[in-house]
Amino acid sequence: MNAMSNKSLFQKELVSEALKQSFIKLNPQRMIKNPVMFTVEIGTFVMLIVTVYILINHDASQGSFAYNLCILFILLLTLLFANFAEAIAEARGKAQAESLRKTREETPAKLIQPVGELYLNEIKTVSSSELRKGDVFLCVAGDTIPTDGEIIEGLATIDESAITGESAPVIREAGGDKSSVTGGTKVLSDKIKVKVTTEPGESFLDKMIALVEGASRQKTPNEIALTILLAGFTLVFIIVCVTLKPFADYANTPITIAALISLFVCLIPTTIGGLLSAIGIAGMDRALRANVITKSGKAVETAGDIDVLLLDKTGTITIGNRKATGFFPVQDLGEAQFIKACVLSSLADETPEGKSIIELAGNAASNLSVENPLYIKFTAETRCSGIDYDGGKTRIRKGAFDAIRNITEKAGHEFPLPIKLKVKEIAENGGTPLVVSQNEKVIGVIELQDIIKPGIKERFDRLRKMGVKTVMVTGDNPLTAKFIAEKAGVDDFIAEAKPEDKMNYIKKEQQLGKLVAMMGDGTNDAPALAQADVGVAMNSGTQAAKEAGNMVDLDNDPTKLIEIVEIGKQLLITRGTLTTFSIANDVAKYFAIVPALFIASIPALQGLNIMRLKSPESAILSAVIFNAIIIPILIPLALRGVEYKPIGASALLRRNLLIYGLGGVIVPFIGIKLIDMLVGLFF
Amino acid sequence: MNTELIGVIATFLITVALAIPFGKYIARVFKGEKTLLDFLAPLETRILKLCGIDPGRQMNWKQHLLALLAINMLWFVYAFIMLLTQGSLFLNPDGNPSMSPDLSFNTAISFMVNCNLQHYSGETGLTYLTQLAVITFLQFVSAATGIAALIVVFNAMREKATEGLGNFFDIFLKSLTRILLPVSFILAIILVFNGTPAGFEGKDTITTLQGDTVQVSRGPAAGMIAIKHLGTNGGGWFGANSAHPLENPNYLTNMVEMIAQVLIPIALIFAMGFYLNRKKMAYVIFGVMTLGMLTLLIPTLIAESNGNPAIAHMGISQATGSMEGKEVRFGPKASAYWSIVTTVISTGSVNSMHDSSMPVSGTMQLLGMMTNAFYGGCGVGILNYYIFIIIAVFISGLMVGRTPEFLGRKIEAREMKIATLIALLHPFLILVGTAISSFVYTKDPSVGWLNNPGYHGFSEMLYEYTSSAANNGSGFEGLGDNNWFWNITTGFVLILGRFLPIIGPVAIAGILANKKYVPESAGTLRTDTGTFGIMTYAVIMIIAALAFFPALVLGPLAEYFNLYHV
Amino acid sequence: MKTYLLPSLKLTGILILICSVIYPLLVYLVSLATPGHGNGNKLMENGVVIGYENIGQKFTDERYFQGRPSAVDYNAAGSAGSNKGPSNAEYLAGVKARIDTFLIHNPGIQAADIPADLVTASGSGLDPNISVQAARVQIARIAKLRGKSEKELNALVDRMIEHPLLGLFGPEKINVLKLNIALTKI
């Protein structure tokens with residue numbers, strides 16, 4: 001699926017499907033949803049009548065048959081182009097969704113049939129589409145999971161590459177935050193019992209498919225507001241064109257119906273009108289390509305407006321785990337000896353921290369072994385781990401500061417002051433001190449540090465330029481949190497965070513009128529995800545989290561929010577710039593058509609024909625041809641989206657105003673002139 | 001540089017120099033801070049008490065509009081009856097007759113809506129009673145209505161705005177007592193000392209040097225001429241308006257009247273800056289409006305200074321420029337400046353006859369009224385501009401990838417609907433009106449409305465509806481407009497063109513004030529930058545140009561190309 | 001809306017009193033202190049009013065300097081411009097006729113010497129002024145009819161030029177009535 005996003009915008013099979021749809025969409029009942037293009041359709045229909053009338057009556061007052069036929073043809077083409085834009089966007093989305101849906105269509109499911117109160121292992125193989133919410137099914141190694149659900153029993157490694165494109169298998173188990181499975185993924189090992197959480201056709205994926213297919217696509221508030229503005233422009237030009245008739249009668253200038261309709265179609269914002277729905281669909285499609293499933297188009301748009309972004313520290317800002325970065329022994333102990341003790345205490349330590357100690361020790365760690373070791377595991381009670389050897393004569397422990405202090409003080413030893421100071425220093429620098437004791441005497445401290453992800457600071461800078469405030473959420477103490485926050489370049493942090501802290505922070509910001517986005521995976525994140533304006537749940541997260549958020553990230557990538565924000569902004573920018581372009585085009589079209597309308601009876605108006613177009617007919621034809629072909633020319637832009645640059649709002653406005661505003665004024669002058677040189681050969 | 005041009009530049013600079021402190025004063029008045037005229041406070045309190053109004057009672061935007069419409073309705077009824085019966089009332093030394101019902105209808109509306117379209121001549125159409133008790137009165141209160149509506153919008157634009165947006169009657173009364181009356185009085189004094197009459201003696205009869213006997217119309221004009229300009233009303237005491245040598249006796253009064261009419265529109269921009277503590281936004285708006293005014297002024301200055309090519313063709317020297325319809329004491333440059341100032345703001349007083357302007361000037365005068373937002377009328381200018389800001393904010397918000405917001409409030413479908421409707425209204429009124437009149441005239445040219453044939457005749461009709469919709473009041477006065485067709489049709493255009501563009505912005509601002517305030521962040525599109533200013537300028541120009549271009553082509557532009565390029 | 005009608009009615013009454021009675025009366029009282037006592041500045045000759053300083057008069061008599069064409073024939077009971085559009089053929093023919101008439105009555109003058117203000121109607125129809133050139137171009141005729149030297153009349157015109165405000169603002173001009181009064185005195 002990831003491979004697909006690299007393919008060209010216009011694949012053969014998509015184009016042929018879209019072409020078919022372009023004609024089907026001519027149905028007035030469907031066209032009326034787009035008021036701008038609907039008026040074009042009415043104009044086309046009128047032209048059809050006029051053309052037929054000329055064919056029958058040979059009435060020359062409305063211009064030649066060929067000329068009228070050309071206009072009719074171009075208007076029809078304008079409609080088809082606009083429909084094609086929408087259809088190709090839908091087809092792309094559909095294709096995308098289809099490939100997802102294929103993975104889980106008609107998968108056999110091992111339904112566990114309830115008998116009485118108890119679930120007896122009476123298994124019946126049914127089709128996945130027959131599964132209902134609340135059903136329980138069984139999956140063993142090699143099975144494809146038939147539908148979304150939650151593991152109620154067991155643990156399994158699962159290959160989710162079909163959905164995420166990530167080849168490394170993941171572990172899912174009952175209870176906790178990693179209990180949810182997605183339809184279409186494959187169980188690699190073990191056996192799980194899964195409870196179905198969605199009715200058929202209602203899973204996240206189904207909703208997304210419906211959205212990109214346009215079936216359930218509702219216009220977003222912003223799109224509605226833009227449609228109102230465009231309808232307003234259309235109305236203005238209806239007034240302009242209708243009143244032009246009595247004006248021309250006063251001036252004794254006959255206007256042909258073809259010219260009047262051409263003027264109208266050129267003036268109304270057909271470019272943006274034709275591309276508007278394509279832009280919306282493409283926005284969600286881009287989200288899908290980023291492996292984010294959205295519940296609604298509005299969520300994508302809202303993402304573009306985000307003011308505050310809540311990010312978990314671990315996994316997002318820092319690389320999952322802390323690493324040992326320094327050994328600090330007590331004065332009277334050599335470093336080599338201290339390292340040796342540290343390595344010995346970590347030999348059996350499977351935690352990432354433990355492994356990183358051995359890693360840091362490097363050569364000093366090799367070939368170290370002791371006889372009859374007794375490894376002491378970490379427990380919540382002792383809060384330290386270590387090793388006893390020499391038959392219990394040597395006892396090495398490592399653990400948190402107060403845990404080791406307890407041990408030493410119980411034994412009557414004093415905690416050395418230099419180490420106490422070192423512990424404090426490490427904590428102040430954002431590290432975690434791990435104190436090591438030998439035979440209940442402190443021998444030194446290991447410094448563990450959070451490793452900030454490479455490139456994350458730049459991403460936060462980018463967000464800041466977009467006007468998004470980043471907030472780090474961590475369970476660390478405020479001192480450590482502050483240090484990491486500064487180092488990573490986030491704007492604010494919540495330390496020693498409890499789930500309700502996130503919630504309160506979101507509410508506080510929202511009361512100030514800010515829009516807040518957050519990512520989460522756990523069940524205890526669900527309320528905050530629901531409260532946030534944009535809640536992105538990890539696909540690996542619990543079903544509750546997924547239900548609460550309005551997006552699901554299939555890649556489980558916490559930095560994905562940045563991409564989502566950009567996609568949201570791109571969506572709005574594409575609409576804005578193409579609207580500007582469309583309206584700006586009118587200037588040139590006026591200079592093409594208006595002189596052409598009147599030049600026959602007011603020759604002096606040749607002075608307005610600044611493009612020196614050949615004849616009134618060629619001028620009008622050139623303008624409508626330009627008006628039509630600009631739509632397909634802009635389809636790639638509409639589908640890809642106009643690039644977002646985080647250069648500040650005013651600078652961005654200046655840039656887009658120059659490119660699409662000024663460009664929108666100039667381009668049609670050139671375009672129409674070029675077309676006229678060609679059309680002028682015939683008319 | 002010649003003295004005519006220096007006169008124009010000086011007039012503009014003096015206007016701005018006065019408008020800044022005056023704007024500060026206006027802001028202080030409505031903020032309730034200490035001002036020089038605070039001694040009037042007991043009088044104001046007394047008046048409000050007499051009327052049974054509690055100035056502390058806050059109104060929401062709907063209540064403001066209801067109060068505004070209610071009091072305007074009363075004025076219309078009052079004015080209509082007065083004009084209909086003026087012939088038999090007192091203070092009528094010249095013995096002028098009562099107005100016909102359709103003319104009364106048109107005149108009452110026209111002055112109520114601050115337009116002052118005059119389908120009559122002051123010397124013969126009105127009595128001293130109606131000049132004072134109807135015309136002067138409405139000139140005061142219609143200007144105060146505009147200011148009050150704007151202050152309501154200012155209140156709604158404040159950061160901590162809530163439902164309560166002040167008391168309409170309180171704001172309205174203060175606009176009169178603190179702004180319009182005192183400044184008008186000063187202006188009137190300047191005028192009387194320069195020869196403008198203020199007495200009640202009626203027409204004078206004199207024997208001229210050559211021995212002819214002529215009558216000279218006079219009357220208590222000075223006070224009315226002061227508020228006519230200060231309130232951007234524009235309706236003249238005499239038929240020739242401020243071209244009349246008693247209404248505008250010399251170059252000094254000409255400068256004073258030009259300054260007076262733009263003073264409040266410009267001062268209100270700065271007042272907004274001081275009132276909302278958004279000075280930079282005020283400067284940007286002032287910059288855009290000035291740019292717009294200059295865009296229209298410069299071609300006009302050039303066209304009028306160069307004179308009429310058809311007359312040049314006869315071998316005449318036009319060293320002094322085009323002189324038809326102009327007064328020698330002002331010259332074509334001051335006349336060109338006045339004609340643009342009076343059309344961009346909604347005064348509509350004239351010191352030269354626009355009907356005789358060059359086609360380029362006519363185009364610019366029409367564009368001034370079609371855009372109707374470069375400074376604009378007393379209070380309502382900024383309200384019109386507000387609509388364009390909303391549209392510009394919406395489009396540029398999209399262009400930077402953010403849901404559009406203005407002064408911390410999100411612009412959504414409902415506001416866009418209102419803004420679009422109001423933006424649509426102006427071309428609708430003008431084009432449909434002109435279409436109907438063109439249709440009627442084409443069917444039966446014997447109605448004889450037009451003083452000029454061809455394209456210029458079309459311009460006369462276009463100008464009349466444009467002036468009505470923009471509540472301007474100037475005219476291509478050759479148009480025979482005192483008949484039921486023009487009186488009734490422009491009457492309706494006037495009402496719609498006045499009240500909907502007040503209701504729209506007040507409603508939008510009121511709705512926005514009730515929305516949650518979003519503090520500005522780095523991603524917010526600032527509306528007080530030059531870039532946004534250019535955007536607004538483009539929106540105004542494009543909307544005006546796009547909607548009116550074909551009409552302009554068939555009117556003044558066709559005349560231009562025929563005059564210059566044949 | 002009803003709740004606002006009664007206060008509106010009362011307020012309207014009070015404001016009519018202020019704006020339409022007190023205010024104009026105050027202005028009138030001040031105007032009594034002006035030279036024209038609030039009735040416009042009159043020009044007196046031997047105790048007889050012969051005109052208003054600011055209101056142009058008709059001079060058909062060729063021995064006077066003539067003012068600009070007027071759409072109301074200098075009848076100050078009313079006021080108006082011609083309102084003719086610049087491309088109006090009938091209007092242009094009228095201008096042509098004025099030029100021809102002027103050339104007939106002022107032999108020796110070329111069309112290029114005639115300033116536009118002499119052949120175009122003013123805005124008010126009561127324009128009291130003409131341009132300096134408009135006075136000069138008539139000197140030859142008047143000198144001949146009145147038997148004065150052109151030099152003398154040129155000097156008179158020079159004397160009667162009204163300069164720009166403060167020497168800075170506005171055009172130079174000549175008040176025709178004042179010029180003619182001065183003319184009768186030499």
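Being a predicted model, the structure only gives us computed values, none of them experimental. Letters A, B, ... are given to chains in the order of the sequence lines, protein chains preceding strands, and every chain is numbered from 1.
Residue B:Ser437: no heavy atom, backbone or side chain, is found under 4.5 Å from chain A. Looking at A:Tyr644, the atoms closer than 4.5 Å to chain B (heavy atoms on both sides) all sit in the side chain, from C-beta outward. Only the side chain of A:Val594 comes within contact range of chain B, with heavy atoms under 4.5 Å apart. For chain B, no part of A:Tyr660 is nearby; none of its heavy atoms comes within less than 4.5 Å. Interface remark: A:Asp307 contributes side-chain atoms only to the contact with chain B (heavy atom separation under 4.5 Å). Looking at A:Phe247, both its backbone and its side chain come within 4.5 Å of chain B, counting heavy atoms on both sides. Interface remark: A:Leu597 contributes no atoms to any contact with chain B (heavy atom separation under 4.5 Å). Only the backbone of B:Tyr517 has a heavy atom closer than 4.5 Å to any heavy atom of chain A. Of the atoms belonging to A:Ile583, heavy atoms from both backbone and side chain fall under 4.5 Å from chain B. Only the side chain of B:Thr529 comes within less than 4.5 Å of a heavy atom of chain A; its backbone N, CA, C and O stay farther away.
A salt bridge is defined here as a Lys NZ or Arg NE, NH1 or NH2 lying under 4.0 Å from an Asp or Glu carboxylate O, and B:Lys443 with A:Asp249 fails to meet this definition.
Annotation: B:Tyr537, atom OH; neighbour count of heavy atoms from other residues, nucleotides and ligands within 6.0 Å is above 12. For B:Arg414, the CZ atom counts as loosely surrounded, since its 6.0 Å shell holds 12 or fewer non-hydrogen atoms of other residues, nucleotides or ligands.
For B:Thr531 and A:Arg654, the side-chain atoms include at least one donor-acceptor pair closer than 3.5 Å.
Looking only at distances, no side-chain donor or acceptor of A:Lys569 sits under 3.5 Å from a matching main-chain atom of B:Leu398. Judged by distance alone, with hydrogens and angles left aside, the side-chain atoms of A:Tyr250 form a donor-acceptor pair with the main-chain N or O of B:Gly454 at under 3.5 Å.
Minimum heavy-atom separation, B:Ala558 to A:Leu605: CA-CD2, 4.1 Å.
Within the 4.5 Å cutoff, side-chain heavy atoms of A:Leu653 are placed close to those of B:Leu525. Using a 4.5 Å heavy-atom cutoff, the side chains of A:Leu657 and B:Met535 are in contact.
Put simply, CD1 on A:Ile228 and CE on B:Met416 are 7.5 Å apart, with the number rounded to the nearest 0.5 Å. The distance from the CD1 atom of A:Ile602 to the CZ atom of B:Phe561 is 11.0 Å, given to the nearest 0.5 Å.
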